[in-house]
Structures are given as C-alpha cells and as structure tokens.
Amino acid sequence: MSAIWLVMVALGLLTYLTRLSFVLLLERWQPPELVRRALRYVPLAVLTAIILPDLLLVDGSLHLSLGNPRLLAGLAAILVAWRTKSALWSIGVGMALFLLLNGFLP
C-alpha cells in the first residue's frame, strides 16, 4: 500500500473516531440548557461566514453596487427562500439570475 493510501485511511479513521466520540459522549452527558440554546445558532453563523464574503467581496474589496451580480442573485435567492421556504427554488432562482446577470453585466 502506498503512503498516500495509508494517510487517507488514517485520516478517515481519525475522522470517524472523532465523530463517534461525540455521539458516545452526548449519549451519557447532556450539556446545560444555555449551551444547547447557543448551539442552535451555529449553523446560521457558519453559513453566513461562508456565503457573505462571496456575495460582498470582489477581488478582495467590498463591492456594494447594482453591478455586482453575485450580490443581486444572492438577494434574490434570499427573498425566494423567505417567501417559498424551498431550498430548491432558492438555488434555482439564484443561479439563474446570476448566470443571466453575469452574461449582461461587465
């Protein structure tokens, strides 16, 4: 077995054991209510941290204008998500608008 395969298997096993430890830990121990309430906001915070820089930054600088197709498509996707509560429609409208605007805006 080559070294790359050994590294991949070791990392896979390490990832599995790390996740398994949390499952086994939470089976026996429940975090305090304050921690549980705070953890509800983690997915929203992480998603925001991943998406906002892509929408607002162009070439490393803030670009808040109608000439930013990513921002316009993102705002449209947010509006569609809010109104329809459908991830599929949000992604579809956002991508379609982005492709449309990217073809027409400089």
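Only a predicted model underlies this, so the values are computations on that prediction, with no experimental measurement involved. We count residues from 1, following the sequence as given. Scope of the values below: all heavy atoms of this structure, side chains included, with no hydrogens, waters or symmetry mates.
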Below 3.5 Å, can you tabulate the donor-acceptor pairs from side chains in residues 36-59 to any protein atom, sequence neighbours excluded?
from	atom 1	to	atom 2	distance (Å)
Arg36	NH2	Glu33	OE1	3.3
Thr48	OG1	Leu44	O	2.7

Exercise for the section: Check the hydrophobic clustering (I, L, V, M, F, W, Y; side-chain heavy atoms under 4.5 Å; chains of links allowed) and say if Leu11 and Trp5 are grouped together. Expected result: no

Handout entry: Same apolar cluster: Phe22 and Leu14, side chain cutoff 4.5 Å
Key = no

Completion exercise
CZ of Arg19 to CG of Leu17, rounded to nearest 0.5 Å, is 11.5 Å

Problem - Residue pairs passing the salt bridge (charged side-chain N to carboxylate O under 4.0 Å, His left out) test where at least one lies in residues 83-96, sequence neighbours excluded - result: none

Fill in the blank from the handout: Closest non-hydrogen contact found for Pro69 with Gly67 is CD-O, 3.1 Å

Practice task
Evaluate whether atom CH2 of Trp82 has more than 12 neighbouring non-hydrogen atoms of other residues, nucleotides or ligands under 6.0 angstrom away.
Solution key: no

Handout entry: Shared-cluster residues of Val80, by chain and number - hydrophobic side chains joined below 4.5 Å
Key = Trp89, Val93

Handout entry: Shared hydrophobic cluster, Leu97 / Leu66 (ILVMFWY, side-chain heavy atoms < 4.5 Å)
Key = yes

Practice task
To the nearest 0.5 Å, tell me how far Asn68 CG sits from Phe98 CZ.
Solution key: 9.0 Å

Handout entry: Gap separating the CG atom of Leu72 from the OG atom of Ser65, nearest 0.5 angstrom
Key = 7.5 Å

Fill in the blank from the handout: For Gly94 and Ala77, the nearest pair of non-hydrogen atoms, with its separation, is CA-CB, 4.0 Å

Completion exercise
To the nearest 0.5 Å, atom CG of Asn102 lies from atom CE of Met95 at 9.5 Å

